[in-house]
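So the structure is just underneath, and the comments pick up after that.
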Amino acid sequence: MPVYDPATLAELEGVFGHARLMDLLAHLKLEISQRLGWPETERLALRHDAHTLLSVSGSLGFFDLSRRCLEMEQACLLGADLVAPLSAARAAAEGAIAAICDMEALAA
């Protein structure tokens, strides 16, 4: 699955303009960098982080991260093992940050 959906970003850019889209992506990058750093034992914090990232990343077209955060949130709620979902969510988060950094570099 791609890191983000270019069509969603193009649509958002058409609605908000390039500068506002870049502001939204910078905010997402900041949110991502502040989330999912908890150990597996901190289920409540991880569930909250996953829920927060699920909605904001999905609205900006980062569907892989959103899906991985949904899996994390569900694992937290169900009391399931968090090792694999947390690892997948962190990998998707890293990919999203890298993609946003690439877009920021192109915009500069």
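As a basis for the values below, the full set of heavy atoms in this structure was taken, side chains included, without hydrogen atoms, waters or symmetry mates.
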Approximate separation, where rounding is to 0.5 Å, of Thr52 OG1 and Ile32 CD1: 12.0 Å
Spatial distance of atom CD (Glu13) from atom CZ (Arg20) [nearest 0.5 Å]: 13.5 Å
Residue pair Glu31, His27: steps toward the side-chain contact (heavy atoms from CB on, under 4.5 Å) verdict: CA-CA 6 Å; Glu31 279 291 320; His27 177 73; 3.7 Å; yes
Met103 vs Leu9, side-chain contact (heavy atoms from CB on, under 4.5 Å): CA-CA, chis, key distance, verdict: CA-CA 11 Å; Met103 286 184 260; Leu9 290 182; 3.7 Å; yes
Pairs flagged by salt bridge (charged side-chain N to carboxylate O under 4.0 Å, His left out) wherever residues 52-63 is involved - sequence neighbours left out: none
Non-hydrogen side-chain atoms of Glu104 and Leu25 separated by less than 4.5 Å: no
Asp49 side-chain N/O to Leu36 backbone N/O, donor-acceptor pair under 3.5 Å: yes
Shared hydrophobic cluster for Leu77 and Trp38 (ILVMFWY, side-chain gaps under 4.5 Å): no
Arg47 side chain reached by His51 side chain, heavy atoms, under 4.5 Å: no
Residues Arg90, Glu94: salt bridge by 4.0 Å N-O rule: no
Point-to-point distance, once rounded to the nearest 0.5 Å, from CG of Leu82 to CE of Met72: 5.0 Å
Atom CD of Glu40 with >12 non-hydrogen neighbours under 6.0 angstrom: yes
same_hphob_cluster(Leu60, Leu54) at 4.5 Å side-chain heavy-atom cutoff: no
Heavy-atom closest contact (Ala92 atom, Arg68 atom, distance): CB-CG, 3.8 Å
Polar side-chain atom of Ser87 near backbone of Val83 as donor-acceptor pair, under 3.5 Å: no
Nearest heavy-atom neighbours spanning Val3 and Ala99: CG1-CB, 3.8 Å
Same apolar cluster: Leu106 and Phe62, side chain cutoff 4.5 Å: no
Smallest separation among heavy atoms of Ser59 and Leu12, with atom names: O-CD1, 3.6 Å
Point-to-point distance, once rounded to the nearest 0.5 Å, from OG1 of Thr8 to CD of Glu11: 6.5 Å
Arg43 side chain vs Ala75 backbone, donor-acceptor pair below 3.5 Å: yes
Within one Ile-Leu-Val-Met-Phe-Trp-Tyr cluster: Leu24 and Leu30, side-chain cutoff 4.5 Å: no
Separation of Leu53 CG from Leu28 CG (nearest 0.5 Å): 7.5 Å
Close side-chain approach of Ser66 and Leu70, heavy atoms under 4.5 Å: no
Cluster link Phe63 to Val56, ILVMFWY, side chain under 4.5 Å: no
Exercise: identify the closest heavy-atom pair between Ser57 and Leu65: CB-CD2, 3.7 Å
